[in-house]
Amino acid sequence: MLRYTLRRLLLAIPTLLVISFVIFALLDLAPNDPTANLPTTIPPEVREQIRLSLGLGEPFLIRYLKWLYQFFVNEPLNLLQSAFGIEIGDASERLRLRSWTTRSPIVDLIVERAPQTLTVVGLGYLTGILIALPIGIISAYRKYSWFDQIGTLVSMIGFSVPTFFTGLLLIIIFSVNLNWLPSIYDTSLRVTDWGSFTAQLKQMAMPVAVLGLYNAAQISRFMRASMLENFGQDYVRTARAKGMSEHVVIFVHVLRNSLIPVVTVIALGVPQVFGGAIITEQIFRINGLGELLISGIQSADIPLVQTLTFIFAVLIVTFNLIADILYGILDPRIRYE
Amino acid sequence: MSELDLIAPRADEAAEPAALDQAHRSLWSDVRRQFLRHPGALVGMIVLAAIVLIVLAGPYLWTVSPDRINPRIANRGMSLDHPLGTDNLGRDLFAQVMAGGRVSLAVGISAMLIAVTLGTTIGVLAGFFRRLDGILMRMTELFLALPILPLLLVIILLFRDVLRDLFGPSAGIFLLIVFVIGITSWMQTARVVRAEVLGVKERDFVLAARSIGARPYKIIFRHILPNVLSPIMVSGTLGVASAIIIESALSFLGLGFPPDFPTWGRLLYDGANYMTLNPSRVIWPGLAISLTVLSVNFIGDGLRDALDPRLRS
């Protein structure tokens, strides 16, 4: 297991390098001029200086290696320093990844935006899982019952209707018509007392519901399929034959085994949820990571977009790895090597 | 067909005297029967056919131009003159939804064709030629690890203007979106096709074909491809749904089609700003996307069940 983990970790390095190169090259070689949006009154010499100050004077490979060095060495060192106060090397001399539009370090922007995304997306995903598991279990246990039929239909709808439509629909119903919930997420809200706590709950209700429904639809399908597969196994018949109660059969025998593939699916879904948050954040005007990415794209802030996109890729690779290792730990039948 | 006949007895040969009273059953009539028994697939088929019919034939019957501006009737609700209401410039929403549907469906189908062609080619090559397997599958895994939505947004932003200059404003963006969706959604097809090819490749009829000296491309087109057609069809169907969703998501984020070239996603994006004033601008395009995707997904589900002989009753 350890050897497998190590090998996978080592294999992740070239994968990430290739992806980082693809992302960097794509953004860098595209026909795009960062000074194009500046006023036309700026003379060409100044324009050239601006380009040089943005680091565009050097050859492509040097810029890529510099970016890589900043991403993998400088920024982690900075994080280490600001989090624990451990200083390695000279922090003031360290070059940081900076956004072109705000000129502030990108990591600071991310640290500023991440909490909003994590609370909304995290809660949405958690809600989705909590709804999906019981639905999947009951649907599988009472296969083809009315509950199962309706559950399958609802999950098909939840899976097919795009989140940007459910989100807008919820806004129309609960904000425009009923006026119960705010349609815009206020990130400056601080939870200090009961009133601000309910306000926070109210503004989180719709985004969490949208993400929760969408994820519940997908996970409940997996849960149902996985339970059904296990119900047909011999050990279930054995358990029933030796007089185990239905309760024990379902929750001790079948559920534990059925959760193995579902847990990996849940782990695999985490990065996709972050991707999906780009849309949800746009609907409810949450200024999280997805909003940061979209505003970066719209203002052609190349370093910001490169870094954020690469972080998304790191998330995908990491959670793929976690899912595979979890599978090996949870399922004793799987032996890597 | 002669090689196929060796392993798959013809329907008339299979019809032994005892079964004479039964109509003979071919693979596809079985699939059709099974498909029509799936209630979701049947309803999905009818709904999709209705949507396609309205979108294609509707503009000939409802001759109001989707881009005729008339500010005096702006932001109207549903009425006889304008069945779905009008937008903030007084354009007829019904005509716009039909025009948008044509583009959305065209994007969905063309992007699916690219993705399925690419996925099938890569899957067949990886499954059939052992030397290519390693590199092609690593490439597939690499593509699966790419953050698709951010990358799509970035690609469209960066190459929009270039393609617009090359092919004109509407054709350029259409080609770009179809192309980028196509080259970023072939991976699942490739994996499924490869797995199927690995199985089919070891079957005796392939060995027989090989032993009479058939060339690899002949074996692939005559023996392998017809036998892996079912997963390709299923992933193609589901691919249309996901391509429509991706296109509308891109348009919804403001990085898809331009405002004068409406798709369902673009209509939703434009309508979202007038949501409080005129909710029908959000509801109709959104409903169109949802119904289309839902019915396509149901059809895909039914097709998968119908093509799986283990589930056949």
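FYI, side chains are in, hydrogens and waters are out, and symmetry mates aren't considered; it's all heavy atoms of this structure. Here is the naming used below: chain letters follow the sequence lines, and residue numbers restart at 1 for every chain.
- Screening A/Ile311, A/Ile297, A/Leu308, A/Ile278 for a side-chain contact (heavy atoms from CB on, under 4.5 Å) with B/Pro150, the sole residue that qualifies is A/Ile278.
- When side chains are defined from C-beta on, B/Phe298 counts as touching A/Leu153, because their heavy atoms get closer than 4.5 Å.
- The number of heavy atoms from other shown groups lying within 6.0 Å of CE (B/Met45) does not exceed 12.
- Residue contact with chain B, scored on non-hydrogen atoms closer than 4.5 Å, involves the backbone and the side chain of A/Val161 alike.
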Show your working on side chain to side chain contact (heavy atoms under 4.5 Å, CB included) between A/Ile157 and B/Leu294 and close with a plain yes or no.
CA-CA 6 Å; A/Ile157 293 173; B/Leu294 189 63; 3.9 Å; yes

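- Using a 4.5 Å heavy-atom threshold, the side chains of B/Ile148 and A/Phe312 count as separate.
- At a 4.5 Å heavy-atom cutoff, the contact between A/Ile294 and chain B is made by side-chain atoms alone.
- Crowding of B/Ile135 atom CD1: a count of heavy atoms from other residues, nucleotides or ligands under 6.0 Å not exceeding 12.
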Hey, mind stepping through B/Arg138 and A/Thr15 against side chain to side chain contact (heavy atoms under 4.5 Å, CB included) and telling me if it holds?
CA-CA 9 Å; B/Arg138 288 301 87 70; A/Thr15 314; over 6 Å; no

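- By the neighbour-count criterion of 12 heavy atoms within 6.0 Å, atom CZ of A/Phe222 is sparsely surrounded, having that number or fewer from other residues, nucleotides or ligands.
- Proximity to chain A (any heavy atom under 4.5 Å) is shown, for B/Ile283, by both the backbone and the side chain.
- Residues A/Phe164 and B/Ile289 have side chains in contact (heavy-atom distance under 4.5 Å, counting atoms from C-beta outward).
- Annotation: the span from A/Ser160 atom OG to B/Leu238 atom CG amounts to 9.5 Å, rounded to 0.5 Å.
- Within 6.0 Å of atom CD in A/Glu229, 12 or fewer heavy atoms from other residues, nucleotides or ligands are found, so the atom counts as exposed in its surroundings.
- Side-chain atoms of A/Phe165 and B/Leu287, non-hydrogen and from C-beta on, do get closer than 4.5 Å to each other.
- Looking at heavy atoms from C-beta onward, A/Met156 lies in side-chain contact with B/Asp301 at the 4.5 angstrom threshold.
- Both the backbone and the side chain of A/Leu168 come within contact range of chain B, each with at least one heavy atom under 4.5 Å from a heavy atom of that chain.
- Other residues, nucleotides and ligands contribute more than 12 heavy atoms inside 6.0 Å of the OH atom of A/Tyr64.
- If you measure heavy-atom distances from B/Leu149 to chain A, the contacts under 4.5 Å come from the side chain alone.
- Contacts between B/Ala249 and chain A at a heavy-atom distance below 4.5 Å involve backbone atoms as well as side-chain atoms.
- Between A/Pro162 and B/Ser290, some side-chain heavy-atom pair lies under the 4.5 Å cut-off.
- Of the listed residues (B/Ile245, B/Val296, B/Thr292, B/Leu255), the greatest number of heavy-atom pairs within a distance under 4.5 Å of chain A belongs to B/Ile245.
- In this structure, B/Leu151 CG and A/Leu26 CG are separated by 6.5 Å, a value rounded to the nearest 0.5 Å.
- Under the 4.5 Å side-chain criterion, counting only non-hydrogen atoms from C-beta, A/Ile23 is not in contact with B/Val154.
- B/Ser248 touches chain A through backbone and side chain together, each having a heavy atom under 4.5 Å away.
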